Number of protein chains: 2
Amino acid sequence: MSEMIWEPRRVAAVRADLPPGVTPSGTRGRILEASLELFAEHGYAGTSIRDIGKRVGINSATLYAHYTSKENVLTELIQLGHQELYTRLATAAAAATEPPERLAALVRAHVLAHAEYPLLTVVANTELHAVPADLIDGALKLRAACRTMLLDTLRAGIEAHVFDIADPILTALAISSMGMRVGQWFGPDQPYTAEAVADEYARLALRIAGADTRDAERK
Amino acid sequence: MSEMIWEPRRVAAVRADLPPGVTPSGTRGRILEASLELFAEHGYAGTSIRDIGKRVGINSATLYAHYTSKENVLTELIQLGHQELYTRLATAAAAATEPPERLAALVRAHVLAHAEYPLLTVVANTELHAVPADLIDGALKLRAACRTMLLDTLRAGIEAHVFDIADPILTALAISSMGMRVGQWFGPDQPYTAEAVADEYARLALRIAGADTRDAERK
DNA sequence: GTCTATAGATGGATAGAC
DNA sequence: GTCTATCCATCTATAGAC
């Protein structure tokens, strides 16, 4: 049971889910979703425009009526993925002020984003190298903002003496690593809900940060 | 400072390090190392045999005097990477009997393997999808053995009442996720030694597992 | 906007000389 | 074992008809 969780697929999910409101209408949107599925499963370099056309049900040449290049499709996906993650993290951070609550909210949002949009986060996290740096300026700025939110929260908790952290950078790396991999194993063939994973990982993050939750747990 | 830790490269390291004693001699070994560097940085599908030949300083056709195919080179790298990780984990597990000590030893070994051989672990972890399943039978069996070691250790600690774990599978996923990502940010342009990261991550893993280290820390 | 057809480059792999 | 030369498939992208 749950054996599939450990399989070394690039992604466990199969259907491309994009955040509501961002999918372009018509053929352009279907190209974007098909590309997301293929890039997630086979990688950007391992996917041809003919593969994309076949999945959409159009000739590969038709793609160029909607995007200037294959690279352009990937760039749009990467931007979408980073925008969605940043928006969720910023909303989560704004909803909690105390460091422990804010850390839990950030981790929950981080995990939920990776569990609800596994294909998108896998592509956004693994295919950045395939795009020239100037095309992903926006995504890199969003990444920087995301890690600043996490680090600032950890440091605020240290100053308030509610966290016990030896090295904020290593701690932040450990916490974000847990969440980033969720997109690679979370899918329909495992027994957890996204909410359950988010809740548990938030609890583990508080432990990592050395938050003293003994009183709360004894209640 | 330490900004490079967060950059979205596939790998931070640049030189291909292979475990001692496994690098083939002569041209075959140089092909293996060059392929490792290129697969790690650009991905398997993003690397051509002409790229490999250029880096080695041979004609691309010469590659086929040493390997039957490009796929064959990747398969050998994947096998090497899994073998090295498994050997280290098995050695670590054998050196400690109590669950907390064994968990710390496993995590230290896991992190050290990913920090000392970042290119190899990144390729072994991210390019499995590029090889037909029957060619990586051995690697998949080693993966299964590795996760069993971790899960068994967690369950032993639960039975012995020295761990406080809500869900062993999610806990194991969280702990292994921390270590697996080390290969993607650990490199010469960051301030930590492999030992320092291994020690700190082992400490965080004990916290994740709910090991009661308060007495030890108060000493 | 979608198609057929194709240009032009590059891919993995082989043949055969040395 | 290494090379040059090349086969043939596939690649991204474009041209032009409808």
Side-chain angles (χ1 to χ4, degrees), chain A residues 10 23-79 123 126-136, chain B residues 10 23-79 123 126-136:
Chain A
R10 276 177 59 92
T23 310
S25 60
T27 304
R28 185 179 167 95
R30 284 159 57 219
I31 290 170
L32 197 65
E33 289 183 345
S35 301
L36 175 54
E37 290 170 4
L38 291 165
F39 293 168
E41 186 172 353
H42 305 291
Y44 173 75
T47 302
S48 73
I49 56 165
R50 286 178 180 79
D51 296 330
I52 300 171
K54 198 170 292 175
R55 177 154 306 200
V56 176
I58 57 170
N59 189 281
S60 64
T62 303
L63 188 146
Y64 293 92
H66 302 275
Y67 292 92
T68 62
S69 66
K70 179 183 151 189
E71 195 175 75
N72 184 23
V73 180
L74 175 59
T75 303
E76 181 152 329
L77 286 170
I78 289 177
Q79 179 63 26
V123 169
T126 63
E127 301 293 353
L128 281 163
H129 68 102
V131 182
D134 56 314
L135 290 183
I136 48 170
Chain B
R10 275 177 61 93
T23 310
S25 61
T27 304
R28 186 178 165 94
R30 284 159 56 219
I31 290 171
L32 198 65
E33 289 184 344
S35 300
L36 175 55
E37 291 169 4
L38 291 165
F39 293 168
E41 185 171 353
H42 305 291
Y44 173 75
T47 301
S48 73
I49 55 166
R50 287 173 180 82
D51 295 331
I52 299 171
K54 198 171 292 177
R55 177 154 309 199
V56 176
I58 58 171
N59 189 282
S60 65
T62 303
L63 187 146
Y64 293 91
H66 302 276
Y67 293 92
T68 63
S69 66
K70 179 184 151 189
E71 195 176 75
N72 184 23
V73 181
L74 175 60
T75 303
E76 181 152 329
L77 287 170
I78 288 176
Q79 180 63 27
V123 168
T126 63
E127 300 293 352
L128 282 164
H129 69 101
V131 182
D134 58 314
L135 290 183
I136 49 169

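Everything numeric in this text was worked out from a predicted model, so none of it was measured. Naming convention: chains lettered A, B, ... in sequence-line order (proteins, then strands); numbering from 1 in each chain.
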*Whole-Å distance between C/dG12 C1' and B/D51 CG?*
12 Å
*To the nearest Å, give me how far apart CD1 (A/I52) and C1' (C/dT2) are.*
17 Å
_What contact category does A/S60 fall into here, base, sugar-phosphate, or nothing, at under 4.0 angstrom with non-hydrogen atoms?_
nothing
*For A/R10 and A/A40, indicate whether the former's side chain and the latter's backbone hold a donor-acceptor pair under 3.5 Å.*
yes
*How many Å lie between NZ on A/K70 and C1' on C/dT10, as a whole number?*
13 Å
*Heavy-atom contacts under 4.0 Å between residues 26-36 of chain B and DNA chain D, which residues?*
B/T27
*asked:* Between C1' on D/dT12 and CG on A/L63, what's the gap in Å once rounded to a whole number?
replied: 10 Å
*Is A/T62 touching bases, backbone alone, or none of the nucleic acid, heavy atoms closer than 4.0 Å?*
base
*Which atoms form the tightest heavy-atom contact between A/V123 and A/I78, and what is the distance?*
O-CG1, 4.5 Å
*Atom pair CG (A/L74) and CD (A/E76), whose distance is rounded to the nearest 0.5 Å*: 10.5 Å
*Calculate, to the nearest 0.5 Å, the distance between atoms CG and CD belonging to A/L36 and A/E41 respectively.*
11.5 Å
*Ignoring the backbone of B/N59, work out which of D/dT2, C/dT4, D/dC3 is nearest its side chain.*
D/dC3
*Can you tell which of C/dA13, D/dT4, C/dC3 lies closest to the side chain of B/S69?*
C/dA13
*Just by distance, with hydrogens left out, do B/T47 and B/D51 show a side-chain donor and acceptor under 3.5 Å apart?*
no
*Side chain proximity check, B/F39 to B/I52, heavy atoms < 4.5 angstrom*: yes
*asked:* Counting only side-chain nitrogens and oxygens, does A/S48 get under 4.0 Å of the OP1 or OP2 atom of D/dC11?
replied: yes
*Roughly, in whole Å, what's the span from OH in A/Y64 to P in C/dA7?*
17 Å
*base_contact_polar (D/dT12 base, A/R50 side chain, donor-acceptor, <3.5 Å)*: yes
*Over how many whole Å does the gap from A/K54 atom NZ to D/dT10 atom C1' extend?*
11 Å
*Out of curiosity, A/R50 CZ to A/S60 OG, how far, rounded to the nearest 0.5 Å?*
5.0 Å
*Taking atom C1' of D/dT12 as reference, at what distance in whole Å does atom CG of A/N72 sit?*
14 Å
*Rounded interatomic separation in angstrom, taking CD1 from A/I49 and C1' from C/dG8*: 14 Å
